[in-house]
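Report on one structure; see the data block that follows.
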Amino acid sequence: MSTTKTPRGRTTIARHGRLRTLGPLGQLFRALAVAMAVALVAGAGVVAYAVYDLSSSFTADAVDLPNQAAVPPDLGELQGGVNLLLAGTDECEPDFAQYFGDRCSGADSEGNLNDVNMLVHISDAPRRVTVISFPRDLMVPIPSCTDAQGNTTEALSKQQINSAYMYGGLGCVVETISDLSGQQIPFAAKVSFGGVINITDAIGGVDVCIANGIQDPYTGIDWPAGMRTIKGLDALQFLRTRHGVGDGGDLGRISNQQQYMSRLATKLKSEEVLSNGATLYKLASTALRNVDPSTSLTNPLTLVQIAMAVKDVPFDEIVFVQYPTYTDPDDSNRVVPDEEAAEALWSALAANQPIQLSGELSDGDGVVVDESATPAPTESAAPVDGATPIPEPSSNVITLPSEIAGQTAAQATCSNGNVR
C-alpha cells in the first residue's frame, strides 16, 4: 500500500533564518533510539519479549491516529512501506526540571511544545530508510485538531510547527506533518526530556566527535575537541545545544543530531550490542517505559515486524535530511517551506531509488567531515535460510536538490563546535 498522498502545489524558495529561543532537540533521540533499537537489532525475539512484557503499561495512554490501520500479526517483516513520526516534547518532568532553568521555572515554562519532529520513512523492497527532520521554527498551516478532552481547535493558516502539540496532542502533530508532506503516517510516538537521559544510560552511551570544542552556557557544556562518550544528562545537553555549534541556530543543531544518530546506528548494529541479550532486554525495557505511542504501535508484533523489515538496511541507504526551508519574509527568525525542493524529496521517496545528496552536510554549519574516521560498513547482511532474498539495489540514483542538507549513516562527521 502506498503511503503517499497527492501533494499540494509548491513554490520555489531558499535558505533559513536564525532562531531566538532554546528548544530541546535531545528528547527526540530517545524516540530515535526506540525506533533504531527496535529496527536495527537482530535479536528480534528478545525485543518481542520485552515489548510484550511492557505493552500494557503504555496502552492506556496510546493515541489514535486518523490513518492508522491494524497490522496482521506475523513474525515476518512488515509488508509494504512504513512512515513513523517521532515527536519530541519539552515537558518538565519533576525528576529532571532542575536541569532546564527558565524552560521549567521561568517565563517559558507554560505549555508543551513539539520542538523535535522527525519522519522516519521506510521504503518497500528494496528497503531504504530516510529520516526527515522538520525545524522547530518552521511556519506552516495547522489543521483543525481535537485534543484529549474532546475540544476542537480552528485551523490556522500559518503557525510555528512546534505549537501543533499544544492544539491537539500527538494526533495534531501527525496531521500537520501529513498535510505538509503529503505522506500518510500510521505510526507515531511522543517522547520527552527524561527519556534521553534514561535511554542513553541503557545503551551505555554514544561516542560523538567534536571538531573544535564546545562551550555553551545555556546547557552547561564546556568540552574539548576530540571523541567523547556521552550518556545521561550529557547526551541530552549535547542534543539540545545550539549556541555551542555551527551558526547558533536550530538548523545547525539538526545536523548535530544527525551525527549522533549515525553513530548510534553503528553502535546498535555492532556485534557487542547485538550479541548481548541482557543489554537488548534492558534497552527495550527502558525505551518502552519512556515513550507514549500511537495505538498502532502498542502491539508488540508490530514492532517486531518493523525490526524484521529494516534490520539489514546498509548504512549508505540510511539517509538523514533536513526538510528544506528558506527565511520567512515576515520574520527573519523563522523559516518557511521550500516546497519545490521538498517536492523533489517526496518524489524520490515515492520512486524508491537510491538517494544521492548534493547539498551541504548542514544547513546551519553544525557538522564537518571527520577526516580521521574509518567509513562505516555499507554491505547488507545475507538473508537467513528461508528468508525472502533482499532485492538488488537499482542503479537509478536520484540526486536531491542542493537545498536539501544531510548525510548518510555511512558518513562520519564531527560537531562544528564553538569555543568562546
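Quick note: residue numbers are just sequence positions, from 1. Not measured: the values here are computed from a predicted model.
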**OP:** Of all the heavy-atom pairs spanning Gly366 and Ser255, show the shortest one and how long it is.
**Re:** CA-OG, 3.2 Å
Subject >> Basic-acidic side-chain contact under 4.0 Å: Asp330, Lys158 >> reply: yes
Original post:
Of all heavy-atom pairs between Thr408 and Ser262, which one has the smallest distance, and what is that distance?
Top reply: O-OG, 3.6 Å
Subject >> Heavy-atom pair of closest approach, residues Leu251 and Ser362 >> reply: O-OG, 4.1 Å
Subject >> Greater than 12 external heavy atoms within 6.0 Å of Gln159's CD >> reply: yes
**OP:** Taking all heavy atoms of Pro329 and all of Val336, pick out the closest pair and write down the distance.
**Re:** CD-CG2, 4.4 Å
Original post:
Which pair of heavy atoms, one from Glu403 and one from Pro324, lies closest together, and at what distance?
Top reply: O-CB, 4.0 Å
Original post:
Are side-chain heavy atoms of Met118 and Phe134 found at a separation under 4.5 Å?
Top reply: no
Original post:
Would you find a donor on one side and an acceptor on the other, under 3.5 Å apart, between the side chain of Thr241 and the backbone of Phe238?
Top reply: no
Subject >> pair Leu349-Arg128: side-chain heavy atoms closer than 4.5 Å >> reply: no
Original post:
Just how far is it from atom CG of Leu345 to atom NE2 of His121, taken to the nearest 0.5 Å?
Top reply: 9.0 Å
Subject >> Test: Asp370 and Arg263 ion pair at under 4.0 Å >> reply: yes
Original post:
Nearest heavy-atom pair of Asn114 and Tyr165: which atoms, and what distance?
Top reply: OD1-N, 3.0 Å
Original post:
To the nearest 0.5 Å, what is the distance between CZ (Phe320) and CD (Gln411)?
Top reply: 10.5 Å
Subject >> Results of side-chain hydrogen bond (donor to acceptor under 3.5 Å, both in side chains) for Ser123 - residues two or more places apart only >> reply: Asn352
Can you give each donor-acceptor pair under 3.5 Å made by side-chain atoms of residues 139-147, sequence neighbours left out, with the distance rounded to 0.1 Å?
unit_1, atom_1, unit_2, atom_2, d
Ser144, OG, Thr153, O, 2.7
Thr146, OG1, Thr152, OG1, 3.2
Asp147, OD1, Gln149, N, 3.0
Asp147, OD1, Gly150, N, 3.1
Asp147, OD1, Asn151, N, 2.8
Asp147, OD2, Asn151, ND2, 3.3

**OP:** State, yes or no, whether a side-chain contact exists between Val397 and Ile355 at a heavy-atom distance under 4.5 Å.
**Re:** no
Subject >> Spatial distance of atom OG1 (Thr327) from atom CG (Asn333) [nearest 0.5 Å] >> reply: 9.5 Å
Original post:
If we only count heavy atoms from C-beta on, is the Arg228 to Ile210 side-chain gap below 4.5 Å?
Top reply: yes
Subject >> Side chain proximity check, Asn416 to Asn212, heavy atoms < 4.5 angstrom >> reply: yes
Original post:
Any salt bridge between Arg334 and Asp137, counting N to O under 4.0 Å?
Top reply: yes
